[in-house]
Amino acid sequence: MENYDAIVVGSGISGGWAAKELCQNGLKTLVLERGPNVEHIKDYKTAMMNPWDFPHRIITQEETQKQFFVNDKEHPYIQDKPFKWARGYQVGGRSLTWGRQSYRMSDLDFEANAKDGHGVDWPIRYKDIAPWYDYVETYIGVSGQPEGLPHLPDGKYLPPFELNCVEQDFSKQLKKHYNDRILTIARVANLSRGWDGRGPCQARNLCERGCPFGGYFSSNAATLPAAAITGNLTLIPNAIVTEIIYDDAKSKVTGVRVMDAETKKVTEYYSKIIFINASTIGTASILLKSVSKRFPNGLGNSSGQVGRNLMDHFNFSGATGEHEGLKDKYYSGRRPAGVYIPRFRNLNGQTQRKDYVRGFGYQGAGERLGWKDVNCADEEFGVSLKQKLSNPGPWQMTLGTYGETLPYEKNGIYLDKNKVDNWSQPIIHISMEFGENENAMRNDGIESALEMMDKAGMKNIKKVDFRNPPGSAVHEMGTVRMGRDPKTSVLNEHNQMHEAKNVFITDGSCMTSASCQNPSLTYMALTARACNYAVSELKKMNL
Ligand SMILES: Cc1cc2nc3c(=O)[nH]c(=O)nc-3n(C[C@H](O)[C@H](O)[C@H](O)COP(=O)(O)OP(=O)(O)OC[C@H]3O[C@@H](n4cnc5c(N)ncnc54)[C@H](O)[C@@H]3O)c2cc1C
């Protein structure tokens, strides 16, 4: 029997933060991670490889990063409706492969459910999380440009990367034709200068292979080493948490049951508090599997809300357009991300839409057409490639929506009663579809992008409409939502389970609504905030 002060389930973006905060506060902390270890630098096997070092010369980017993504055949799930579930089962989770776009939510988002009646009210407002956004940004290092927008609050930024010439021109045109929208450089957790012993970002644009320079934020480069250096961290890879143990006699959660991914040996670990950070769908499935006399439908699930209200963003609907000029201009160097057009719909009376609630932002970039990224294999070589490189095509702008989805109770996950995986765990069903609100917003996203391209004087304008299934934005949220009322939510304002006070959940499952901003920065801020609360409650002997 092994006892710890705290157990953290999962070592991805949010689990890494929980590990750091709890260890730095003096708690002996056990991190259980279902995937293998990935040691910073040493295990980034493809990071320094050239295109010709890969067997297929990087025909698809997948060739360079597949080691950090789950093989669906080994870890099956059932799509009741089309859904893409991109997972990273390893130490660091998807912090190794994320796109690093980091935006704050605002009161427009925290008040949305209460105002338009979808889902339940968030139990917090912007003022509750703002200091924790400061705290997290100051640690992870986010490069970006303050813009003074109330609905996309500015953070603590490192110097921004630069807009290229077509983006600068597009930004000017937007200002000229609209008074409700701007274009800004993407806010990304890439270090535009050295920071806290990491980086700077070398702008190699190979982030998803793992960065030997620590040029972007990941658990492996930042939070897990910070936790380890305290001497309070025990990290066990290949440890699948199958269940949270609720002791009916003690009326309390006491620990977790774990299966070794390789030997299948089952062990129990005990602790005073537990943070579950197995990612949105993983966390809900662990709760549903954790049945006891007190909780026959899953731990903390008297509300019946565990597994419901699954959300994602819909993405890649928008437009492309070509610029006729700027032919004498070219790139100087690379950049780790593109541009962002913040939400401009349903902000106030003037911007109100009748056909849908909430809103969307655009991510995109300007690029000079005519040749593929030099890191990709190209059919051309020799003289013809040289000629192609010295005669590039026109500049092009691309804009794609990232739109908010509503928390529909019917969208969610549940466990199959008969089918099990290789570890005898019930297979997860995922059932999610976008609704009329998302479809109306998507149409507006396309039309608005076409209109902006036209007003900006772009030519050869084309609609982009990929209609990707839910899950494609890899922003799964909901399933264990925060709320004010234990009858309709699972977690309170401290991410603490209403019904099991020593359990905290701070991954995407806790989200009460999705907003349209990329969500991971919010998970990190909520995690740091919840850890601070848990430590103070522990000191007061309340847990
Ligand atoms: C290509 C890509 C681009 C993205 N771009 C962005 C972006 O630009 N901005 C943004 O905000 N987000 C982005 N995301 C999403 C972001 O990666 C996730 O929101 C974030 O990683 C979620 O953090 P998490 O801690 O909830 O889960 P994860 O980082 O997925 O970590 C969960 C961990 O839990 C482990 N685990 C699961 N089940 C168990 C179990 N039973 N027992 C033990 N361990 C378990 C997993 O192995 C994993 O290590 C992107 C994701 C991808 C893949």
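All ligand and atom numbering here is 1-based and tracks the order in the structure.
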### Query
Salt bridge between R87 and D72, side-chain N to carboxylate O under 4.0 Å?
yes
### Heavy-atom proximity to atom 12 (N) of ligand 1, best of G282, S520, A186
S520
### Query
Do you see a donor-acceptor pair shorter than 3.5 Å between the side chains of E137 and S102?
no
### Query
Under 4.0 Å from ligand 1, counting heavy atoms only, is it the side chain of E208, its backbone, both or neither?
neither
### Query
Are the charged groups of K84 and D312 less than 4.0 angstrom apart, N to O?
no
### Task
Give the numbers and elements of all ligand 1 atoms closer than 4.0 Å to a heavy atom of P519.
11 (O)
### Query
With backbone taken as N, CA, C and O and side chain as the heavy atoms from C-beta onward, which portion of R87 lies under 4.0 Å from ligand 1: side chain, backbone, both, or neither?
neither
#### Entry: Polar proximity ligand 1 side, A473 side, N/O cut 3.5 Å exclusive
no
### Task
If the plane angle is over 60° it's perpendicular, under 30° parallel, otherwise tilted; pick one for F217 and Y139.
perpendicular
### Query
What atoms of ligand 1 come closer than 4.0 angstrom to any heavy atom of N277?
32 (C), 33 (C), 34 (O)
### Task
Note the single closest protein heavy atom to atom 23 (O) of ligand 1, along with its residue, its atom name and the distance in Å.
I13 CB, 3.6 Å
### Query
Does ligand 1 have a heavy atom under 4.0 Å from the side chain of S102, from its backbone, from both, or from neither?
neither
### Message
Test your reading of the structure: does V241 have an N or O sitting under 3.5 Å from an N or O of ligand 1?
### Response
yes
### Query
Looking just at side-chain N and O atoms, do H313 and Y402 make a donor-acceptor pair shorter than 3.5 Å?
no
### Message
Using a 3.5 Å cut-off on N or O atoms only, is D507 in polar contact with ligand 1?
### Response
no
#### Entry: Nearest non-hydrogen protein atom, atom 9 (N) of ligand 1
Q101 O, 2.9 Å
#### Entry: 4.5 Å side-chain heavy-atom contact, F344 and H151
no
### Query
Out of R94, E33, H75, who gets a non-hydrogen atom closest to atom 46 (C) of ligand 1?
E33
### Task
May I ask you to check whether H498 and S489 show a side-chain donor-acceptor distance below 3.5 Å?
yes
### Query
Taking the minimum heavy-atom distance to atom 51 (C) of ligand 1, which of L32, V474, T280, L521 ranks first?
V474
### Message
Could you check whether any side-chain heavy atom of V490 comes within less than 4.5 Å of a side-chain heavy atom of M482, counting everything from C-beta outward?
### Response
no
### Query
What class does the angle between the rings of F295 and Y246 fall in, given that below 30° is parallel, 30 to 60° is tilted and above 60° is perpendicular?
perpendicular
### Message
Which of the numbered atoms in ligand 1 are under 4.0 angstrom from any heavy atom belonging to Q90?
### Response
47 (O), 49 (O)
### Task
Could you name the option among G12, S509, S14 that has the heavy atom nearest to atom 24 (P) of ligand 1?
S14
### Query
Does F161 have R335 sitting over its ring (NZ/CZ under 6.0 Å from centre, angle to axis within 45°)?
no
#### Entry: Test of proximity, W98 against ligand 1: N or O pairs below 3.5 Å
no
### Query
Any N or O of G99 that comes nearer than 3.5 Å to an N or O of ligand 1?
yes
### Query
Can you check whether R34 has an N/O within less than 3.5 Å of an N/O in ligand 1?
yes
### Query
Which class fits the ring pair F504 and Y533: parallel under 30°, tilted 30 to 60°, perpendicular over 60°?
perpendicular
